[in-house]
There are 2 protein chains.
Amino acid sequence: MENVKHQRMTRQRRIVLEEVRRLDNHPTADEVYRAVRAHLPKISLGTVYRNLDVLSESGAIGKVETLGSQYRFDGNTEDHFHVRCVECGRIDDLEAVDVRVPEALVEEVSEYQFVGYRLEFVGVCPACRERRPQHE
Amino acid sequence: MENVKHQRMTRQRRIVLEEVRRLDNHPTADEVYRAVRAHLPKISLGTVYRNLDVLSESGAIGKVETLGSQYRFDGNTEDHFHVRCVECGRIDDLEAVDVRVPEALVEEVSEYQFVGYRLEFVGVCPACRERRPQHE
DNA sequence: CTAACTGCAAAAGCTTTGCTTTTCA
DNA sequence: TGAAAAGCAAAGCTTTTGCAGTTAG
């Protein structure tokens, strides 16, 4: 069935992609928007959303579903975990972490068919630790 | 310092609490609202939100931060994991699962001070499996 | 050429908030 | 009786969508 939609590499899409890849801080849609406007001052927020959608759908970028009310995007498409700072919401990659969650468990203790799991670490980032030395 | 705020057990708050405990499906704020209105037809959505906030802040109920755009609430305040259905968004408890994520790892591979982690399982619930037998 | 995409603005979905009145303790 | 909470409605914030005009291929 040839119902695949052709996609074009427009200037807008290319720059959205470039900026998500360049920004290393897992930007929100709005942060991408602001970064892209430095190159394309007339781009609209709707276009940024649509492109973030297309790009993450196609796997060119990652869509990080984390706590909070906003999506975040990720230029690093390799499989990896994230740490989120409880204080400021910053998100960083955890490259070397190798966690193995027992998949069989889910089907043993529930009626669900296992599909996957989402694991996110929570911590205090260096900047926030400095701000509150003992982190009481 | 005596800046602790007194809290009152109003009729509204009590019924919100009762309904969250009674509903076993991790209801959204709106689902709680609809359930509570069966007892208090005049309650406002804002009051439900404020009470869900107070109750989860105090630990009387759980606030499930999951994928998607809505918060969900949980009458079960014991430590446990959740499975979320990819198809319909339903959330269930996984009582017996015992997963141990290596906490030290985070501080070894990053500058973050470890605080915790969030783990959520993803699967296909019985109802949705039936709807799509092979789940292709 | 034309399907895909953009810009703009309006709408949608969920949650929060301001204000006045009511109520719990 | 006074601080806390309710009710109502408006505002807020992020994301989505409709539509007319533009553009990549």
Side-chain angles (χ1 to χ4, degrees), chain A residues 1-20 26-58 60-74 89 91, chain B residues 1-20 26-58 60-74 89 91:
Chain A
M1 317 127 184
E2 265 296 359
N3 42 14
V4 188
K5 234 189 187 182
H6 271 234
Q7 287 184 2
R8 294 176 184 169
M9 185 48 71
T10 60
R11 212 151 21 107
Q12 289 85 341
R13 182 162 303 164
R14 181 171 48 77
I15 294 182
V16 166
L17 177 56
E18 282 171 12
E19 290 303 303
V20 173
H26 306 76
T28 62
D30 196 67
E31 285 164 354
V32 175
Y33 174 53
R34 289 205 294 275
V36 169
R37 268 198 307 184
H39 301 88
L40 294 173
K42 314 295 279 299
I43 199 172
S44 79
L45 184 56
T47 297
V48 171
Y49 270 101
R50 276 188 275 234
N51 279 320
L52 288 171
D53 228 54
V54 170
L55 291 168
S56 60
E57 207 68 37
S58 77
I61 63 176
K63 188 171 189 176
V64 186
E65 276 123 350
T66 174
L67 246 161
S69 52
Q70 284 173 87
Y71 285 114
R72 288 174 173 276
F73 299 87
D74 192 348
I91 292 177
Chain B
M1 318 133 178
E2 265 295 0
N3 43 15
V4 189
K5 233 189 187 182
H6 272 234
Q7 286 184 2
R8 295 177 184 168
M9 184 49 71
T10 59
R11 213 152 19 108
Q12 289 84 344
R13 182 162 302 163
R14 180 172 48 76
I15 294 181
V16 166
L17 176 56
E18 283 170 11
E19 289 305 301
V20 172
H26 305 76
T28 61
D30 196 67
E31 284 164 356
V32 175
Y33 174 53
R34 290 205 294 275
V36 169
R37 269 198 307 185
H39 302 87
L40 294 173
K42 316 293 279 297
I43 199 171
S44 79
L45 184 56
T47 295
V48 171
Y49 270 102
R50 274 188 275 237
N51 278 320
L52 288 171
D53 228 54
V54 170
L55 291 168
S56 60
E57 207 68 38
S58 76
I61 64 174
K63 189 171 188 174
V64 186
E65 276 122 350
T66 175
L67 248 159
S69 52
Q70 283 174 89
Y71 285 114
R72 287 174 173 275
F73 299 87
D74 192 348
I91 292 178

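Computed from a prediction, not measured in an experiment: that's the story for all the values here. Proteins come first, then strands; the chains are lettered A, B, ... in the order of their sequence lines, and each starts at number 1.
Between Ile61(A) atom CD1 and Leu52(A) atom CG the span is 5.0 Å, to the nearest 0.5 Å. In this structure, CZ on Arg14(B) lies 8.0 Å from CG on Leu40(B), to the nearest 0.5 angstrom. Once rounded to the nearest 0.5 Å, the distance linking CG of Asn51(A) with OG1 of Thr10(A) reads 5.5 Å.
First and last contacts of DNA chain C with chain B, using any nucleotide atom under 4.0 Å from a protein heavy atom and ordered 5' to 3', fall at dC14(C) to dA25(C).
What you find for Ala35(A) and Glu19(A) is that their closest heavy atoms are CB-OE1, 3.5 Å. Among all heavy-atom pairs drawn from Ile91(B) and His26(B), the shortest one is O-ND1, 2.9 Å. When every heavy atom of Arg13(A) is checked against every heavy atom of Arg8(A), the shortest pair comes out as NH1-O, 3.0 Å. In terms of heavy-atom proximity, Pro27(A) sits nearest to Val32(A) at CG-CG2, 3.6 Å. Scanning all heavy atoms of the two residues, the minimum distance from Arg72(A) to Glu31(A) falls at NH1-OE1, 4.1 Å.
Looking at Val20(B), Leu55(B), Val16(B) one by one, the single match for side-chain contact (heavy atoms from CB on, under 4.5 Å) with Phe73(B) turns out to be Val20(B).
At whole-Å resolution of the value, CZ in Arg50(A) and C1' in dT15(D) are 11 Å apart. Taking atom CD1 on Ile15(A) and atom C1' on dT23(D), their separation rounds to 15 Å, with Å as the unit. If you measure from atom CG of Leu17(B) to atom C1' of dA5(D), you get 16 Å, rounded to the nearest angstrom.
Fit an axis to the five pairs at each end of the helix from dC1(C)-dG25(D) to dA25(C)-dT1(D) and the two axes sit 40° apart, to the nearest 10 degrees.
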* Lys63(A) vs Asp53(A), side-chain contact (heavy atoms from CB on, under 4.5 Å): CA-CA, chis, key distance, verdict -> CA-CA 9 Å; Lys63(A) 188 171 189 176; Asp53(A) 228 54; 3.8 Å; yes

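Mapping Arg11(B) and Arg72(B) onto DNA chain C via the closest heavy atom, the residue that lands nearer the 5' end is Arg72(B). Comparing Met9(A) and Arg8(B) by the nucleotide of DNA chain C whose heavy atom lies nearest to each, the residue mapping closer to the 5' end is Met9(A).
Contact between the side-chain N/O atoms of Gln7(B) and the OP1/OP2 oxygens of dA3(D) is not found at any separation under 4.0 Å.
At the heavy-atom level, Asn51(B) lies under 4.0 Å from the strands shown only through sugar-phosphate atoms.
The stretch residues 37-49 of chain A touches DNA chain C through Lys42(A), Ile43(A), Ser44(A), Thr47(A), each having a heavy atom within less than 4.0 Å of the strand.
Arg11(A) is not listed as a side-chain neighbour of His39(A), based on a closest heavy-atom distance of 4.5 Å or more.
Closest contact between the side chain of Arg13(B) and the listed nucleotides dA6(D), dT17(D), dT14(D) involves dA6(D).
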